[in-house]
Protein chains: 2
Amino acid sequence: MSITERKERDKKEMRQAILDAALHLFREKGYDAVSIRNIAEAIEYSPATIYLYFKDKNDIFFALQYEAAAVKRDHLLPVATIVDPWERLVEFGRRYIDFGMKHPGLYDLLVIIRAPMESLETQECWALGLSVHQFFEDTVQACVDARYFKSTDSKTIAYTLWCHAHGLVSLFVRDRMRMYPPEEREEMARKSFAMLLKMAEHL
Amino acid sequence: MSITERKERDKKEMRQAILDAALHLFREKGYDAVSIRNIAEAIEYSPATIYLYFKDKNDIFFALQYEAAAVKRDHLLPVATIVDPWERLVEFGRRYIDFGMKHPGLYDLLVIIRAPMESLETQECWALGLSVHQFFEDTVQACVDARYFKSTDSKTIAYTLWCHAHGLVSLFVRDRMRMYPPEEREEMARKSFAMLLKMAEHL
DNA sequence: GCATCTACTGAACACTGTTCATTATCTTTG
DNA sequence: CAAAGATAATGAACAGTGTTCAGTAGATGC
C-alpha cells in the first residue's frame, strides 16, 4: 500500500502548498486582491490544478480560516492546566490579546464573514471557535463559583470581558489607533488590560 | 446664472444617485460583490458614465465612508449640550452603541480599510472621525478633572472604554454572537454597558 | 505491451474595473 | 434662426478575474 500512501501524502502536500501560498499572498495583498492565477503562479502550477484540490476560491479561504482557528486554540488552551480559575482567566485574556497582536492577519481572517455559514469548513471552524469560547465561559463561571466577583451574572461578565479583549485587538488589527504613536500602542493595550483587571475585581 | 446653477445641481443629484444606489447594493451584497455595471444598471446609465462622477470604484467607497462618518457624528455630537461630564460620557457611550446597532452597515463601512490612506476622501473621513474621538477624549478628561474616577490616567481610561464599546458593537455587527439567541443579543449589550458603567465607577 | 486511471493543462466563457474615441444633446454666439 | 462650441453619455475595447471542460501526458495494474 505504499504507493497509495505516497499518493495521499502528495495530495496533502499539494493542498498544503496551495494553502501556504494563498495565506502568504492574502496577508500581503488582502483576500480580494489575490487571484487564483496568482496562487497558481506561486506554486508553479496551472490555475485549473487548484480546482482539483479546492471547490472554489472561498473554499481556500475557509480552509485558512480553520487553520487560523486552530492556531488560536493552540495558543489559548494551554492555560487549562492553571488550577486557580482567576489566574486561569487572567492568563487566558493575556494570551487572547497576545494572539491578536502577534497574528493580526489570522485574527482578521477569523472575523471576516464570507457567505453566511454555508460550507462545511465554516461549520468546523465555527465549532472549533465555539469550543474555545465555551472554555472561556466555563472559566468565568468557575470564578463566579469561587466568589471572585460580587456579581453572579457570569454570562454578562464573560461577554463584557470578551467585548473588551476583542475591541482592543480589533482596534489594533484594523489600524484604528492611528491617533496614537505606533510605539505606544502595545503599551496602551497592556495598560488597558491591567485597568480592566483592576475594574474586574470590583465586579 | 441659473443655467450653470441648475447644471451644478444636476451634477450633485447624479452623484448622490450613484452613492445611494451604491450604498444600497453594498449593504445588500458587500463591497466586492457589487460591480460598477451593477450600479450603472441600478441608476439606468452606462458604466462609463459613473467615471464622469467618480475617479474609480474606491472613490465611491470613500465617499460612502465619509457619509457614514457624518451620520455617526450627527448621531453622537448632540450630547455636547449635556453639562455634567459623567452624564455626557454615559450618553455618548449609549449613543455610540446605539449607532452601531441601528446602522450595522455603516459601522462596518467605517471599520473597513482599503488602500492605506491614499485618497483625499480618506483624509477627510479620518479627520471627521478624529474630531469625534477628540470630543470623546475631552469628555473623559473632564470627568477626570471633576474627580469622577480614582485614576487620573485619562488616556488609558478613554481607550479602555472605547475598546469595550467598539468590541461590543463589532461583535454584534460582524455576527460573532451566534452562540446567543438573536432576541437576547440586544439585552446582553444593554446589560454589558450597564456593567461597564458600574465598573467604571470604581476606576 | 496494452488498457486504465490519474494529475494536469490550454483554451474558452462570462464576468470584472477602466479607458477612450465617438455620438448626441444642450448652450452660446454670430 | 443657424452654426459653432461645450458638455454629457455611451459602445466598444483591453487586460484582468473565477471557473469549467475537453484533451493530454505519464504512472499504474494486468
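Atom set for the values below is all heavy atoms of this structure, side chains included, hydrogens, waters and symmetry mates excluded. Keep in mind that this is a model prediction, so the values were computed, not measured.
Listed by chain and residue number, Glu91(A) satisfy the salt bridge (Lys or Arg N to Asp or Glu O under 4.0 Å) test with Arg94(A) (two or more places apart in sequence, or in another chain). Not a single ring pair (Phe, Tyr, Trp, His ring centres under 6.0 Å) links Tyr159(A) to another residue, sequence neighbours left out. In terms of the salt bridge (Lys or Arg N to Asp or Glu O under 4.0 Å) criterion, Glu41(A) has no residue partners (sequence neighbours excluded). Scanning for ring pair (Phe, Tyr, Trp, His ring centres under 6.0 Å) contacts around Phe54(B) gives an empty result, with sequence neighbours left out.
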5' to 3', nucleotides 11-21 of chain D under a 4.0 Å protein heavy-atom cut-off (B base, S sugar-phosphate only, - none) gives B-B---BBBBB
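Separating the CG atom of Asp10(A) from the P atom of dA7(C) is a distance of 9 Å, rounded to the nearest angstrom. Separating the CD atom of Glu44(A) from the P atom of dC8(C) is a distance of 14 Å, rounded to the nearest angstrom. What separates CD of Glu13(B) from C1' of dA8(D) is a distance of 15 Å, to the nearest Å. In this structure, Ile43(B) atom CD1 and dA8(D) atom P are separated by 15 Å, rounded to whole Å. At whole-Å resolution of the value, CG in Leu52(A) and P in dT6(C) are 13 Å apart. One interatomic measurement links the two molecules: CD1 of Ile60(B) to C1' of dT16(C), which rounds to 14 Å at whole-angstrom precision. Between the CG atom of Asp59(B) and the C1' atom of dT18(C) there is a distance of 13 Å, rounded to whole Å. When the P atom of dA9(D) is taken as reference, atom CZ of Phe54(B) falls 13 Å away, rounded to whole Å.
Within 4.0 Å (heavy atoms only), Tyr53(A) reaches sugar-phosphate atoms of the nucleic acid but no base atom.
Side-chain contact, Tyr31(A) with Asn58(A): a donor N or O sits under 3.5 Å from an acceptor N or O.
In terms of phosphate contacts, Lys11(A) brings a side-chain nitrogen or oxygen within less than 4.0 Å of OP1 or OP2 of dA7(C).
Listed by first then second residue, pairs satisfying side chain to side chain donor-acceptor pair (under 3.5 Å) with a partner in residues 74-87 of chain A read His75(A)-Asp98(A), Asp84(A)-Tyr148(A), not counting sequence neighbours.
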